[in-house]
Number of protein chains: 2
Amino acid sequence: MPDVRTPRPRQAGVARYAEIQRALETAIVSGDWPPGARVPSEQELLKRYHCSRMTVNKALSALAASGLIVRRRRSGSFVAQPSAEKNVLQIHDTEAEIQREGKAYRIALVGRSERKATKRDAARLDVEAGARILALTSIHFADDKPVVVEDRLINLEAVPSAAGVDFTETSPGNWLLKKVPWSEAEHHIRAVNATEEVARHLDIAKGDACLVVERRTRYSGHIITHVTLSYPGSSYQLVARFSPAPV
Amino acid sequence: MPDVRTPRPRQAGVARYAEIQRALETAIVSGDWPPGARVPSEQELLKRYHCSRMTVNKALSALAASGLIVRRRRSGSFVAQPSAEKNVLQIHDTEAEIQREGKAYRIALVGRSERKATKRDAARLDVEAGARILALTSIHFADDKPVVVEDRLINLEAVPSAAGVDFTETSPGNWLLKKVPWSEAEHHIRAVNATEEVARHLDIAKGDACLVVERRTRYSGHIITHVTLSYPGSSYQLVARFSPAPV
DNA sequence: TCGGCAATTATGTATAGACAATTAAACGTC
DNA sequence: GACGTTTAATTGTCTATACATAATTGCCGA
């Protein structure tokens with residue numbers, strides 16, 4: 001019997017199992033598949049991707065090892081419940097985090113401006129000054145208590161469709177997560193004394209220590225979005241757990 | 001041709017690949033194979049464990065994914081350098097960080113106390129109250145400018161030899177890193193307004209925002225050390241860079 | 001109705017073989 | 001000795017198959 005092989009992956013240099021793994025990751029991280037949702041079985045995946053069971057098994061095993069899914073014999077694979085700790089290393093989904101604590105989530109858009117990049121914007125997004133950008137300021141609430149102020153710049157050259165979205169209802173972070181499978185994020189974490197504006201938004205005193213997380217998200221070399229998250233220092237902390245050895 | 005299989009693993013319920021993985025981990029974590037040391041090749045391992053190449057490959061791939069080893073084609077597999085920074089936060093080695101910026105590094109020990117754990121100490125190190133501990137307070141300088149106050153507790157039951165070390169010359173963090181290179185850390189990152197004492201040490205004003213990193217380091221189940229690092233918010237930030245893929 | 005047993009299904013582990021990609025090392029030439 | 005070229009060692013990926021293990025489902029009989 002001749003050794004009939006399926007064609008090599010379209011995406012040059014990307015292994016089949018990595019392709020599958022990535023596709024599942026994107027669906028999970030973006031929230032398309034919420035925690036508890038069922039992940040396609042190995043049989044379904046091998047048909048969809050035209051490969052052997054071992055290949056999809058490798059992708060699924062890796063996801064299980066990284067804690068993104070849990071697998072149960074006879075039942076199938078399911079999106080894992082995100083635990084508070086491991087989440088910090090991943091991208092920060094404020095909405096999911098608040099809801100995990102059982103609190104009511106609400107977001108309010110307090111500023112929107114579509115404009116040509118100022119020098120300062122340009123530096124943050126690493127684009128030419130004058131490039132078209134979208135600047136959004138939102139406040140996230142948990143049970144009507146403000147927990148974080150989000151100042152976001154979106155590179156409209158990279159994500160033109162963002163211009164047409166009504167972000168009064170949609171969290172910009174969530175929308176982008178679905179739109180653009182991010183490849184790399186860079187975080188800068190600082191402590192600053194609250195400015196008058198931030199203090200007003202967060203309902204704290206001016207000068208109170210705030211934890212500021214600045215994040216640039218890159219995809220294929222370009223910065224997609226730059227976001228500054230300001231948390232009141234008194235009520236928020238990041239938790240990061242890691243080890244060189246397996247978890 | 002009959003299907004001759006090697007016998008099932010001796011250790012009931014333990015998969016062959018897990019057995020191999022565990023054996024290698026132990027050798028690395030224990031320090032028997034120091035960073036940079038060569039790990040046996042797949043060929044050597046499959047002979048030693050009487051199994052197929054795919055099985056040892058699974059073990060080695062898992063170790064590579066967890067960052068314990070690095071693999072290079074044609075060269076082989078090697079024990080990774082325990083930088084711990086590649087995972088998340090580049091904060092382990094203050095000295096290296098300062099020297100990387102081309103500044104003169106100096107550490108000053110401003111407090112040392114070998115004592116029985118108070119209730120507060122015990123909670124931080126997760127030991128019984130009354131266990132022997134070493135408490136150190138140091139200030140790290142870059143070009144004679146204070147950059148961080150380090151408050152450290154060391155569990156002397158876990159690292160008895162720390163009691164005999166003169167930490168006026170040696171950075172306790174560095175010393176411990178060499179002592180237990182492959183450990184697991186948990187970080188809590190907060191923003192707080194500087195207390196009077198911290199402000200004095202860092203030469204800033206009381207109330208200025210400080211970035212506080214609290215870290216517990218575990219090794220084989222026990223907390224080795226607990227350290228609180230207070231950075232002046234105005235001049236310090238953490239940087240974390242990562243991709244969505246397995247950490 | 002309920003308890004227990006059997007069938008089914010999905011994952012878990014393992015094998016042997018194949019070919020690709022990378023690159024250190026050996027070799028040969030000038 | 002300096003330089004390209006070939007060789008071979010090592011990891012990377014994939015296939016097809018096999019049997020093990022766990023757990024849900026449903027059937028059957030008391």
Side-chain angles (χ1 to χ4, degrees), chain A residues 1-24 37-80 246, chain B residues 1-24 36-80 245-246:
Chain A
M1 191 160 51
D3 185 358
V4 178
R5 295 281 164 83
T6 53
R8 293 252 65 204
R10 302 96 222 246
Q11 299 161 269
V14 177
R16 191 68 122 243
Y17 82 87
E19 186 190 343
I20 300 172
Q21 192 178 333
R22 161 121 204 181
L24 299 178
R38 178 160 192 176
V39 173
S41 73
E42 298 188 345
Q43 291 299 328
E44 294 174 76
L45 287 171
L46 69 85
K47 272 169 206 153
R48 187 182 308 175
Y49 286 94
H50 298 101
C51 61
S52 76
R53 203 191 131 210
M54 279 304 284
T55 301
V56 304
N57 182 279
K58 182 163 183 178
L60 289 168
S61 299
L63 290 177
S66 76
L68 220 51
I69 65 172
V70 290
R71 313 195 72 196
R72 283 201 297 277
R73 279 172 174 160
R74 167 67 222 237
S75 304
S77 304
F78 303 86
V79 178
Chain B
M1 190 161 53
D3 185 359
V4 178
R5 296 282 165 83
T6 51
R8 295 253 62 208
R10 298 97 220 243
Q11 302 160 270
V14 176
R16 191 68 125 247
Y17 82 89
E19 185 191 343
I20 300 172
Q21 190 178 335
R22 161 125 204 179
L24 299 178
R38 177 158 191 178
V39 173
S41 74
E42 299 188 346
Q43 292 299 328
E44 293 174 77
L45 288 171
L46 69 85
K47 272 169 206 151
R48 187 182 308 175
Y49 286 93
H50 298 100
C51 62
S52 77
R53 202 191 133 212
M54 278 302 284
T55 300
V56 302
N57 182 280
K58 183 163 184 178
L60 289 168
S61 299
L63 291 176
S66 76
L68 215 56
I69 66 173
V70 290
R71 313 196 70 196
R72 283 199 298 276
R73 280 170 172 161
R74 165 68 219 233
S75 304
S77 304
F78 303 87
V79 178

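So you know, we letter chains A, B, ... as the sequences are listed, proteins then strands, and number each from 1. Owing to the predicted nature of the structure, the values given are computational and were not obtained by experimental measurement.
When the side-chain nitrogen and oxygen atoms of A:Y17 are compared with OP1 and OP2 of D:dT13, one or more of them lie within a distance under 4.0 Å. An OP1 or OP2 oxygen of D:dA9 is reached within less than 4.0 angstrom by no side-chain nitrogen or oxygen of B:S41. Between A:R71 and C:dG12, a side-chain N or O to OP1/OP2 separation shorter than 4.0 Å is present. The shortest distance between the side-chain N/O atoms of B:R38 and the OP1/OP2 oxygens of D:dT10 is below 4.0 Å. The side chain of A:S77 places no N or O atom within less than 4.0 Å of a non-bridging phosphate oxygen (OP1 or OP2) of C:dA10. The shortest distance between the side-chain N/O atoms of A:S75 and the OP1/OP2 oxygens of D:dA22 is not below 4.0 Å.
Between the CD1 atom of A:I69 and the CZ atom of A:R38 there is a distance of 11.5 Å, given to the nearest 0.5 Å.
We find that CD1 of A:I69 is positioned 11 Å from C1' of C:dT11, with the value rounded to whole Å. Here C:dG12 presents its C1' atom at 14 Å from CD of A:Q43, a figure rounded to the nearest Å. Spacing between atom CZ of A:R16 and atom C1' of C:dC19 amounts to 15 Å, rounded to whole angstrom units. Counting to the nearest Å, the C1' atom of C:dC19 and the CG atom of B:N57 are 15 Å from each other. Atom CD of A:E42 is separated from atom C1' of D:dT15 by 15 Å (rounded to the nearest Å). Nucleotide D:dT15 holds its P atom 11 Å from the CE atom of B:M54, rounded to whole Å. Put simply, CZ on A:R74 is 6 Å from C1' on C:dT8, counting in whole angstrom units. What separates OH of A:Y49 from P of D:dC14 is a distance of 13 Å, to the nearest Å.
A donor N or O paired with an acceptor N or O is not found under 3.5 Å between the base of C:dT22 and the side-chain atoms of B:R73.
Residues A:L45 and A:L60 meet the side-chain proximity criterion, which asks for heavy atoms closer than 4.5 Å. Side-chain contact between B:S61 and B:R71: present, with at least one pair of heavy atoms (C-beta onward) separated by less than 4.5 Å. Residues B:E19 and B:R16 are in side-chain contact: their nearest non-hydrogen atoms beyond the backbone lie under 4.5 Å apart. With contacts defined as side-chain heavy-atom distances shorter than 4.5 Å, the pair A:L63/A:V39 does not qualify.
Checking B:R53 against B:K58, the closest nucleotide of DNA chain C that is more toward the 5' end is the one next to B:K58.
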